[in-house]
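Below is one structure, written out as structure tokens; the observations come after it.
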Amino acid sequence: MVRTDDRYSVRETEAKWQQTWEQADSFRAGRDPAKPRYYVLEMFPYPSGRIHMGHVRNYTLGDVVARYKRARGFDVLHPMGWDAFGLPAENAAIERGVHPAKWTRENIAAMREQLKSMGLSYDWSREVATCEPEYYRHEQAMFLDFLKAGLVYRKESWVNWDPVENTVLANEQVIDGRGWRSGALVEKRRLAQWFLKITTHAEDLLDSLKTLERWPERVRVMQENWIGRSEGLRLTWELDGRSDRLEIFTTRPDTLFGAAFCAISPNHPLAAELAAGDAGLAEFIAECNRMGTSEAALETAEKKGWATGLSVLHPLVPGWRIPVYVANFVLMDYGTGAIFGCPAHDQRDLDFARKYGLPVKPVVLPPGADPATFTVGDVAYDGDGTLFNSDFLDGLGVAEAKARIIDRIEAEGSGARTVNWRLRDWGVSRQRYWGCPIPIIHCPTCGVVPVPRQDLPVRLPEDVTFDKPGNPLDHHPTWKHVACPACGGAARRETDTFDTFFESSWYFARFCSPHRDDVPFDHAEADRWLPVDQYIGGIEHAVLHLLYSRFFTRAMRDCGYLSVKEPFAGLLTQGMVCHETFKSTEGGWLYPDEVVRRDDGTLVHGETGQPVVAGRSEKMSKSKRNVVDPAHIIATYGADTARLFMLSDSPPERDLEWTEAGIDGAWRYVNRLWRMVAMPALELPPSGSPLPDLSPAAAKLRRLVHKTIAAVSDDLDRFHFNKAVARLRELTNALGEVGEVGEATGAGAAWVLREGLETAARLAGPMMPHLAEEMWRDLGHATLLVDTPWPAAEPALLVEDTVTVAVQVNGKLRATVDLPKDAEAALAERTALAQPQVVAAMAGKPPRKVVVVPNRIVNVVV
RNA sequence: GCGGACGUGGCGGAACCGGUAGACGCAGCGGACUUAAAAUCCGUUGGCCUUUGGCCGUGGGGGUUCGAGUCCCCCCGUCCGCACCA
């Protein structure tokens with residue numbers, strides 16, 4: 001438990017320094033043109049009302065980087081804002097009758113206070129909230145620019161439609177095919193929606209991933225897969241008995257002679273046409289549409305098809321008819337929405353063929369297989385090999401066969417070599433209220449008309465109600481009725497709003513000049529600060545937010561807003577904060593503070609005494625109740641303790657297990673550090689006094705001080721925060737021994753102790769800023785630690801004159817010997833062979849070989 | 001299904017290029033202080049054995065090497081992503 005009479009009064013101390021920094025305006029960016037610039041950014045939060053441990057971790061990591069870089073002499077931009085549009089505000093409006101604007105603004109105010117209590121070094125003068133017209137007006141203007149630049153278009157696409165709520169549902173709101181709130185069966189509907197042409201930049205978005213050297217490899221791989229470049233063939237087949245043709249896309253044109261069927265998507269126009277005269281097919285299509293549309297759902301679902309009765313004619317073999325199916329695993333959005341199937345060399349096609357009794361004809365022979373006997377059973381062969389059963393392709397390898405057949409098809413005019421992308425254009429229309437209005441007017445005579453510049457922003461009306469299902473903008477009495485800017489006739493506004501990824505795709509640029517109201521941001525300022533040197537946030541944004549931001553930056557560059565094309569030069573993706581889960585015997589989740597651990601180790605409910613079952617540790621979430629409120633932790637232990645715990649133990653990219661014991665340990669260390677300065681073991685000489693003669697013990701301690709500076713600096717440079725904490729603890733452990741028997745005493749001990757404590761305060765500064773500032777003042781400094789440069793290690797103190805070298809016999813450790821640094825191999829060998837344990841282990845045998853690695857190891861082989 | 005990551009003491013994790021496995025912390029155990037407790041401090045803590053010594057040990061099995069947590073091959077397990085949450 002926490003003692004209240006501790007002399008280190010956290011609350012007062014932390015509040016005091018927060019106030020001091022604020023009054024000194026310590027964290028304002030852009031004041032010193034002589035300094036190199038550094039832009040560190042954490043993903044801005046959705047203002048849910050309270051910060052959670054994930055925020056604490058994210059913002060602690062960012063703050064350590066920001067404070068460290070400041071100390072290292074950078075002019076640091078470290079801003080914070082609010083990703084303030086989004087669904088939860090509308091849910092609150094529906095469930096509790098609070099207006100989204102009021103709810104959001106109150107949440108922002110509450111969260112700002114919570115963040116401030118963490119002592120984060122933000123330049124608060126740059127705060128932005130995306131729900132305010134001062135922010136979103138600029139993205140309306142940019143959208144119109146994108147439209148002019150040909151980066152925007154409108155087309156129909158499928159949505160999840162809840163027929164009871166009259167609203168479009170997000171995928172996560174569809175549970176087992178039903179609306180999450182209404183429980184109604186979700187329908188697929190086509191709506192005209194706005195799209196941004198992210199695909200025009202697909203090639204560059206893919207190729208430039210290589211330049212993002214300070215991004216985690218796995219994020220780059222995820223984006224690479226997402227963009228999904230594949231080379232193949234578009235091929236048109238003649239439909240038997242019809243005048244039209246079927247166009248398919250394939251990445252395996254080499255297997256064309258093994259084709260067994262063609263399959264089209266349930267959403268293919270041909271399928272719709274056929275369904276009109278085929279009730280069974282119509283029902284099959286409806287069934288497919290009820291199934292989830294995610295790739296994972298499609299890939300794992302049972303492969304099903306519907307024979308249309310149509311056939312296509314094989315493009316290279318006259319008279320070969322191939323049946324056409326509608327199949328549930330063919331995506332309309334990928335390629336042409338139609339494929340040909342070669343069962344022998346594709347598992348999915350094989351499953352399908354087996355189910356419908358289609359022929360399985362191998363055309364690629366695995367190396368070493370016998371063409372006379374090779375057959376395909378339950379497993380398709382998708383490896384390389386030699387073509388056979390394939391006419392003019394026989395004998396070729398897969399790659400040559402692909403090239404050869406594409407050449408032939410192109411020569412015949414029935415198809416062409418194509419690069420296909422998995423990446424689809426970004427649909428930005430949302431049929432929701434709490435978002436940025438799309439600045440478009442629909443006129444019955446002029447069609448789609450952009451809102452004129454001088455009429456921006458199109459403000460989101462706040463006088464709306466949520467008593468009816470559907471989008472409030474749609475049933476607002478006046479808002480959508482406007483005169484057409486072109487002809488003056490009666491027209492109506494677009495009532496869709498932007499996807500909230502729109503706001504987060506450029507906020508990092510807005511932070512460079514957040515108060516310009518004529519432009520989204522100052523071009524020169526953006527070029528000066530961008531790209532963000534270090535971006536920090538959750539791995540869950542690995543694809544969408546980060547890819548959209550990369551695209552948006554290119555689009556902004558296309559339109560002359562800035563000069564860079566990559567928004568984030570460095571990326572750190574932090575792991576989740578997890579906690580043990582608890583369930584009552586009835587199966588309900590319990591909050592951690594409802595659970596009491598008895599002396600015998602059993603868990604019981606604090607009030608009822610009922611036994612409690614401990615579950616596995618999982619990501620903190622309200623639904624599992626395994627949450628710990630940061631506000632409570634900060635009020636009890638202080639921000640520095642919470643921050644220290646976030647940094648200790650686990651490396652940032654891994655999951656962090658929140659434990660009571662862990663926070664206690666951090667709290668003990670905070671107090672220990674404080675006590676070392678408040679009640680020093682020796683009387684300290686004044687700061688800056690000349691270096692006295694040092695006893696050997698004092699000199700050794702001083703070397704540790706400087707080694708710690710070097711190690712912590714290196715750790716912070718590489719984001720090894722847990723190791724930095726460990727090094728700091730090692731230093732303070734050693735400093736704590738000063739004055740004890742056998743430790744640094746006598747000549748110079750007090751001087752080294754002062755140097756050590758000042759170093760500890762300075763190294764702790766980025767991690768535990770309030771405590772460090774307090775220590776700095778207690779050590780007699782009138783200036784602020786935040787204005788003090790990072791300590792420099794003296795190179796001469798980093799090298800030891802002796803090293804401990806391990807001695808192995810046949811690879812097993814038998815002894816260690818101390819040798820002068822860089823000792824001759826002969827000396828090392830001689831010393832090693834003289835060790836009694838080594839002699840014993842050699843058992844009288846002569847050494848066959850001696851491996852000497854200078855300063856590291858001697859291995860004697862007998 | 002496809003793609004990716006990870007696996008080291010009771011626990012979180014260290015170990016840079018292949019060179020003393022377990023830094024630092026948590027928990028445990030023993031002790032000091034105290035009437036007692038809290039707090040603090042000191043010592044100890046991978047396992048096993050025939051204990052001044054030795055053997056085993058980094059998910060499992062094989063390999064390369066004087067030497068493997070680290071490199072290679074196969075296997076097992078866990079987690080994450082796969083297009084309207086943010």
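Letters go in sequence order (proteins before strands), and every chain restarts at 1.
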Taking Watson-Crick and G-U wobble contacts under 3.5 angstrom, with | marking pairs to another strand and [ ] crossing pairs, the secondary structure of RNA chain B is written (((((((..(((......[....))).(((((.......))))).((((...))))..(((((..]....))))))))))))....
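- Side-chain N or O atoms of A:Arg848 include none that pairs as donor or acceptor with a backbone N or O of A:Lys845 at under 3.5 Å.
- Checked by atom type, the side-chain pair A:Gln431/A:Asn471 shows no donor-acceptor distance below 3.5 Å.
- Residue A:Gln193 is in base contact, counting any heavy-atom pair closer than 4.0 Å across all strands shown.
- Between A:Phe352 and A:Phe329, the distance separating the two ring centers is shorter than 6.0 angstrom.
- Rounded to whole angstrom, the span from the NZ atom of A:Lys619 across to the P atom of B:A86 amounts to 14 Å.
- The distance between atom CG of A:Leu647 and atom P of B:A14, rounded to the nearest whole Å, is 14 Å.
- Taking atom CZ of residue A:Arg57 and atom P of nucleotide B:G12, one finds them 14 Å apart after rounding to whole Å.
- One interatomic measurement links the two molecules: CZ of A:Phe645 to C1' of B:G13, which rounds to 12 Å at whole-angstrom precision.
- Side-chain atoms of A:Gln808 do not come within 3.5 Å of backbone N or O of A:Val860 as any donor-acceptor pair.
- Rounding to whole angstrom units, CD of residue A:Glu657 and P of B:G10 are separated by 17 Å.
- Using a 4.0 Å heavy-atom criterion, one finds that A:Tyr669 contacts no nucleic acid atom at all.
- Here the separation of B:C76 from B:A83, taken at their C1' atoms, is 33 Å to the nearest Å.
- The side chain of A:Arg424 sits closest to B:A83 out of B:A86, B:U40, B:A83.
- Across all strands shown, A:Leu423 has heavy atoms under 4.0 Å from base atoms, whether or not it also approaches the sugar-phosphate.
- Nucleotide B:C72 is shown with an anti base, its glycosidic torsion being more than 90° from 0.
- Here the separation of B:A37 from B:U44, taken at their P atoms, is 24 Å to the nearest Å.
- Against the 90° criterion about 0, the sugar-base torsion of B:U51 places it in the syn range.
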Where do N or O atoms of nucleotides 51-57 of chain B meet protein N or O atoms at under 3.5 Å, pair by pair?
unit_1: B:C56; atom_1: OP2; unit_2: A:Lys812; atom_2: NZ; d: 2.9

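- Looking at residues two or more places apart in sequence or on another chain, you find no salt bridge (charged side-chain N to carboxylate O under 4.0 Å, His left out) involving A:Arg218.
- A cation-pi contact links A:Arg729 to A:Tyr669, judged by a cut-off of 6.0 Å to the six-membered ring centre and 45° from its axis.
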Protein N or O to nucleotides 19-29 of chain B N or O, pairs below 3.5 Å:
unit_1: B:A23; atom_1: O2'; unit_2: A:Glu730; atom_2: OE2; d: 2.5
unit_1: B:A23; atom_1: N3; unit_2: A:Arg727; atom_2: NH2; d: 3.3
unit_1: B:G25; atom_1: OP1; unit_2: A:Asn733; atom_2: ND2; d: 3.1
unit_1: B:C26; atom_1: OP1; unit_2: A:Arg668; atom_2: NH2; d: 3.0
unit_1: B:A27; atom_1: OP2; unit_2: A:Arg668; atom_2: NH2; d: 3.4

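- With distances taken from any side-chain atom of A:Glu540 to the nucleotides B:C84, B:A86, B:A83, the minimum falls on B:A86.
- Nucleotides B:G67 and B:G18 have their C1' atoms positioned 8 Å apart, rounded to a whole Å.
- The pair A:Asp664-A:Arg668 fails the salt-bridge criterion, with no side-chain N (NZ, NE, NH1 or NH2) lying under 4.0 Å from an Asp/Glu carboxylate O.
- Rounded to a whole Å, the CG atom of A:Asn91 is 13 Å from the C1' atom of B:A86.
- In this structure, A:Glu730 does not pair ionically with A:Lys723, as no charged nitrogen and carboxylate oxygen lie closer than 4.0 Å.
- A:His720 places none of its side-chain heavy atoms less than 4.5 Å from the side chain of A:Pro651.
- B:G7 and B:C72 have their P atoms separated by 14 Å, with the value rounded to a whole Å.
- With sequence neighbours left out, A:Tyr507 forms a ring pair (Phe, Tyr, Trp, His ring centres under 6.0 Å) with A:Phe44, A:Phe511.
- Rounded to whole Å, the distance from CZ on A:Arg348 to P on B:C2 is 11 Å.
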Kindly determine whether A:Val858 and A:Val851 satisfy side-chain contact (heavy atoms from CB on, under 4.5 Å), including the steps that lead there. CA-CA 6 Å; A:Val858 177; A:Val851 181; over 6 Å; no
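- Scanning residues 219-230 of chain A for heavy-atom distances under 4.0 Å to RNA chain B yields A:Val221, A:Asn225, A:Trp226.
- Within 4.0 Å of A:His541, counting heavy atoms only, lies at least one base atom of the nucleic acid.
- Between B:C26 and B:G9, the distance separating the two C1' atoms is 13 Å to the nearest Å.
- Distances shorter than 4.0 Å separate none of the side-chain N or O atoms of A:Arg218 from OP1 or OP2 on B:G81.
- B:U34 and B:C41 have their C1' atoms separated by 13 Å, with the value rounded to a whole Å.
- Atoms CD1 (A:Ile539) and C1' (B:A5) sit 9 Å apart, rounded to a whole Å.
- Separating the C1' atom of B:U58 from that of B:A23 is a span of 16 Å, rounded to the nearest Å.
- Minimum heavy-atom separation, A:Met53 to A:Ile633: CE-CG1, 3.7 Å.
- Residue-level contact check: A:Pro651 touches the backbone only, with heavy atoms under 4.0 Å from sugar-phosphate atoms and none from bases.
- A cation-pi arrangement is present between A:Arg154 and A:Trp194 under the rule of less than 6.0 angstrom and at most 45 degrees off the ring axis.
- Judged by distance alone, the side chains of A:Asn733 and A:Arg672 do bring a donor and an acceptor atom under 3.5 Å apart.
- Closest approach of A:Thr130 and A:Ala84 over heavy atoms only: OG1-N, 2.7 Å.
- For B:G30, the base is anti relative to its sugar; the glycosidic angle deviates from 0 by more than 90°.
- Note: A:Trp658 and A:Phe645 meet the aromatic proximity criterion, with ring centroids under 6.0 Å apart.
- Remark: the separation of the C1' atoms in B:G13 and B:C82 is 31 Å, to the nearest Å.
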